[in-house]
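Inspection log for the structure reproduced underneath, given as structure tokens.
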Amino acid sequence: MSVAGNIIRLRERQGLSQKELAANLNMNRSVLNRIENGTRPVRDDELKTIADYFDVSADYLLGRKMPKVPSLSDEQIDILKGFDSLNSTGRNLLFGVLDSLRVTHAAIV
């Protein structure tokens, strides 16, 4: 995915409009609009600011594949990818399910 597509996806995942994100980044909305439309490249300092805001790496925004962490199984990596694709409501629901499973498992053991 392109830098623009990754920024849009992260922005929408947090339920932000372009205007809101631009204000949060201290960036002109028209600049953000052109970056998201792919008509203006993102500058290095902007890439860093956006990555810091969303708490992701610049490599992630650039669409570079993240290396597998050797200590995680393929199943664990799939779970993390699924978690990453959820919005905040979905993540909260998932945490609730995990808490219920912990309680149930603790009662059985």
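Numbers here are sequence positions counted from 1.
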If the condition is side chain to side chain contact (heavy atoms under 4.5 Å, CB included), which residues does Ala4 pass it with, not counting sequence neighbours?
Ser2
Any residue meeting side chain to side chain contact (heavy atoms under 4.5 Å, CB included) with Ile79, in chain and number order, not counting sequence neighbours
Glu75
Is any side-chain N of the basic residue among Lys48 and Asp44 closer than 4.0 Å to the acidic one's carboxylate O?
no
Do the side chains of Asp74 and Lys81 get close enough for a salt bridge, i.e. N-O under 4.0 angstrom?
no
List the residues meeting side chain to side chain donor-acceptor pair (under 3.5 Å) with Asn28, not counting sequence neighbours, and say none if there are none.
Ser30
Can you measure from [atom1] ([X]) to [atom2] ([Y]) and round to the nearest 0.5 angstrom?
X     : Y     : atom1 : atom2 : value
Thr39 : Asn33 : OG1   : CG    : 7.0 Å
Ile35 : Ile50 : CD1   : CD1   : 5.0 Å
Asn24 : Phe54 : CG    : CZ    : 8.5 Å
Tyr53 : Leu21 : OH    : CG    : 6.0 Å
Asn87 : Leu93 : CG    : CG    : 8.5 Å

Non-neighbouring partners of Asp45 that pass salt bridge (Lys or Arg N to Asp or Glu O under 4.0 Å), sequence neighbours left out
Arg43
Would you say Arg91's side chain and Ser85's backbone share a donor-acceptor pair under 3.5 angstrom?
no
Just by modelled atom types, is the Ser88 backbone N or O under 3.5 Å from a matching donor or acceptor in the Asn92 side chain?
yes
Is there side-chain contact between Val3 and Tyr60, with at least one heavy-atom pair below 4.5 Å?
no
Leu94: hydrophobic cluster co-members (side-chain, 4.5 Å)
Phe83, Leu86, Phe95, Leu98
Enclosure of Asp55 CG (heavy-atom neighbours >12, cutoff 6.0 Å)
no
Taking all atoms of both residues into account, what is the closest heavy-atom pair of [X] and [Y], and its distance?
X     : Y     : result
Leu32 : Gln18 : CD2-O, 3.4 Å
Asn6  : Leu61 : ND2-O, 3.0 Å
Ala58 : Ala51 : N-CB, 3.9 Å

Among pairs that include at least one residue of residues 14-37, which meet salt bridge (Lys or Arg N to Asp or Glu O under 4.0 Å), considering only residues two or more places apart or in two chains?
Arg11-Glu36
ILVMFWY cluster, Ile8 and Met27 together (side-chain gap under 4.5 Å)
no
